[in-house]
Visitor: 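Below is the structure I would like to discuss, written out as structure tokens.
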There are 2 protein chains.
Amino acid sequence: MKEIEMFLENKKVRPTAMRILIYKYMAEKEIAVALTDIENAFTKADRTTLYRTLKTFEENGIVHQIDDGTGISKYALCEKGCNCEIEQDLHLHFHCSNCNETVCLTEHKIPHINLPEGYLAADVNLVVKGICEKCGGQ
Amino acid sequence: MKEIEMFLENKKVRPTAMRILIYKYMAEKEIAVALTDIENAFTKADRTTLYRTLKTFEENGIVHQIDDGTGISKYALCEKGCNCEIEQDLHLHFHCSNCNETVCLTEHKIPHINLPEGYLAADVNLVVKGICEKCGGQ
DNA sequence: CAATAAATGCACTTCCATTGCATCATATAA
DNA sequence: TTATATGATGCAATGGAAGTGCATTTATTG
């Protein structure tokens with residue numbers, strides 16, 4: 001608990017009770033979460049607070065937003081080898097069409113992409129859709 | 001005109017006036033279009049018709065839907081080397097953050113992605129964000 | 001403790017995707 | 001050719017998610 005508090009302070013984010021809880025929640029989950037997920041987990045809190053907490057986390061490099069193709073923004077902690085500020089270090093995401101869960105494959109970096117002459121890359125998003133390990137045996 | 005008609009028939013889509021016009025519109029555009037774009041181009045037609053036309057086209061392999069990360073679905077014709085049914089032939093998309101246009105880079109295939117044990121890929125989506133050729137000189 | 005700034009909650013808006021149902025057009029069978 | 005069925009189109013409405021403005025509460029600092 002104290003660690004989270006210190007971690008948030010390091011990231012220049014005031015460690016309010018709500019923020020600590022949300023961080024804890026996301027740390028316990030192995031998968032990327034949507035705003036709605038957090039909303040369901042913290043029914044007492046207001047949607048806007050949760051929304052703005054995620055935005056604050058994102059701005060301060062605590063979480064990264066994931067567009068997994070479902071149309072719903074997901075968020076995941078920037079830990080375990082995720083250096084999302086550095087372009088070359090972008091990892092890929094996997095979305096399971098069975099359980100509908102999205103995971104960060106942090107060890108799997110996006111290969112270098114060649115672009116046509118004149119195109120300048122700033123960001124790359126790679127999402128693989130399929131069946132995840134958990135659902136594989138079905 | 002007749003060609004489009006025959007093309008649609010080949011794809012098992014009834015070549016109505018509206019559909020021919022929409023196909024023509026998309027063929028003339030070099031970029032991926034959103035439903036709203038088509039709506040603005042055909043103000044006489046109803047949004048729903050346009051929406052369902054795109055869905056019909058998609059189901060019959062005439063267009064493919066693109067998720068370029070803007071949160072708005074784009075569509076582009078499946079021509080010029082786009083075999084979107086075949087997994088290995090997926091091309092990548094480029095979204096320009098300046099002009100906000102999305103293009104298919106059909107010659108640029110997505111490299112093979114290694115996944116962890118137990119994961120099964122069915123589909124891959126790769127979007128590069130940055131500055132396009134047209135906007136590069138600014 | 002007072003003053004200031006930040007965080008939270010509430011209400012509301014907007015935008016896009018999607019669906020149900022009625023109506024219209026077209027193709028096919030009688 | 002007409003009746004019938006099937007598909008296409010139009011209208012209205014819904015739902016979900018993102019985002020914003022403002023009031024209120026909470027925390028920080030002097």
Side-chain angles (χ1 to χ4, degrees), chain A residues 2 4-6 8-25 32-60 62-76 95 100 102 125, chain B residues 4-25 32-60 62-76 95 100 102 125:
Chain A
K2 272 291 171 198
I4 298 178
E5 207 172 318
M6 284 173 67
L8 293 180
E9 270 172 357
N10 274 344
K11 294 285 189 177
K12 314 273 179 213
V13 169
R14 287 233 295 244
T16 67
M18 200 67 247
R19 287 172 176 172
I20 294 172
L21 284 173
I22 293 174
Y23 184 91
K24 203 154 162 279
Y25 171 78
V33 297
L35 177 55
T36 309
D37 297 330
I38 303 182
E39 210 182 341
N40 292 335
F42 299 95
T43 47
K44 292 168 300 182
D46 187 74
R47 227 185 92 80
T48 314
T49 305
L50 305 174
Y51 173 77
R52 287 200 252 243
T53 299
L54 286 174
K55 288 296 164 200
T56 305
F57 279 6
E58 193 188 359
E59 282 161 16
N60 292 281
I62 297 170
V63 305
H64 61 276
Q65 190 175 0
I66 303 164
D67 172 18
D68 62 5
T70 59
I72 299 161
S73 290
K74 304 283 167 62
Y75 300 85
H95 178 75
N100 216 35
T102 300
N125 184 35
Chain B
I4 297 178
E5 207 172 319
M6 285 173 65
F7 175 79
L8 292 180
E9 269 171 356
N10 274 343
K11 293 284 189 177
K12 314 275 180 209
V13 169
R14 287 234 293 246
T16 67
M18 200 67 246
R19 287 173 176 172
I20 294 173
L21 284 173
I22 294 175
Y23 185 91
K24 201 153 164 281
Y25 172 78
V33 298
L35 176 56
T36 309
D37 297 330
I38 304 182
E39 210 184 342
N40 292 335
F42 301 95
T43 46
K44 292 169 299 183
D46 187 75
R47 217 186 123 77
T48 314
T49 305
L50 306 174
Y51 173 76
R52 286 200 254 244
T53 299
L54 286 174
K55 287 296 164 199
T56 304
F57 280 7
E58 193 188 359
E59 282 160 17
N60 293 281
I62 297 170
V63 305
H64 60 275
Q65 189 176 2
I66 303 165
D67 171 18
D68 62 5
T70 60
I72 299 159
S73 290
K74 304 282 167 62
Y75 299 85
H95 177 76
N100 216 34
T102 301
N125 184 36

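Model, not experiment: these values are computed from the prediction. Residue numbers begin at 1 in each chain, while the letters A, B, ... track the order of the sequences. Atoms considered below: every heavy atom in the structure, side chains included; atoms not considered: hydrogens, waters and symmetry mates.
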Visitor: Between B/F42 and B/Y25, how do the two ring planes meet: parallel, tilted or perpendicular, split at 30° and 60°?
Guide: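 Ring orientation, 0 to 90° scale: perpendicular.
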Visitor: Nearest whole angstrom, please: distance from the C1' of D/dA18 to the CG of A/L54.
Guide: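 Spelled out: CG on A/L54 to C1' on D/dA18 is 12 Å.
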Visitor: For A/I66 and D/dA17, what is the distance between atoms CD1 and C1' respectively, to the nearest whole Å?
Guide: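 About 17 Å, once rounded to whole Å.
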Visitor: Nearest 0.5 Å, what's the OG1-CZ distance between A/T49 and A/R19?
Guide: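 Spacing of OG1 (A/T49) from CZ (A/R19) equals 9.5 Å.
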Visitor: Working to the nearest 0.5 Å, report the span between CG of B/L35 and CZ of B/R52.
Guide: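 Answer for the CG-CZ pair, B/L35 versus B/R52, is 12.0 Å.
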Visitor: Measuring from A/L54:CG to A/K74:NZ, what's the distance to the nearest 0.5 Å?
Guide: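 Spacing of CG (A/L54) from NZ (A/K74) equals 13.0 Å.
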Visitor: First and last nucleotide of DNA chain C in contact with chain A, 5' to 3', at under 4.0 Å to a heavy atom: what are they?
Guide: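 Footprint of chain A along DNA chain C, 5' to 3': C/dA6 to C/dA11.
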Visitor: Do nucleotides 5-10 of chain D as a string where each nucleotide becomes B, S or -: B if the base has a protein heavy atom under 4.0 Å, S if just the sugar-phosphate does, - if no protein is that close.
Guide: --SSBB
Visitor: Can you check the A/K74 NZ to D/dA18 C1' distance for me, whole Å?
Guide: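 In whole Å, D/dA18 C1' lies 15 Å from A/K74 NZ.
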Visitor: Starting at CD1 of A/I20 and ending at P of D/dA27, how long is that distance when rounded to a whole Å?
Guide: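 Interatomic distance, CD1 of A/I20 to P of D/dA27: 11 Å.
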Visitor: Whole angstroms only, please: what is the OH-C1' distance between A/Y51 and D/dA18?
Guide: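 Result: 5 Å.
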Visitor: Under a 4.5 Å cut-off applied to non-hydrogen side-chain atoms, are A/K55 and A/Q65 in contact?
Guide: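 A side-chain contact exists here, since the closest heavy-atom pair is under 4.5 Å.
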Visitor: To check you understand the geometry: which heavy-atom pair defines the closest contact between A/A76 and A/I66, and what is its length?
Guide: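 Closest approach of A/A76 to A/I66: CB-CD1, 3.8 Å.
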Visitor: Could you tell me the separation between the CD1 atom of A/I72 and the P atom of D/dG15, rounded to a whole number of Å?
Guide: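 So the CD1-P distance, A/I72 to D/dG15, works out to 16 Å.
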Visitor: Roughly how far apart are B/K11 NZ and B/N60 CG, rounded to 0.5 Å?
Guide: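 The CG atom of B/N60 is 8.5 Å from NZ of B/K11, to the nearest 0.5 Å.
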Visitor: Nearest 0.5 angstrom please: B/I22 CD1 to B/T53 OG1, how far?
Guide: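 Rounded to the nearest 0.5 Å, the CD1-OG1 separation comes out at 4.0 Å.
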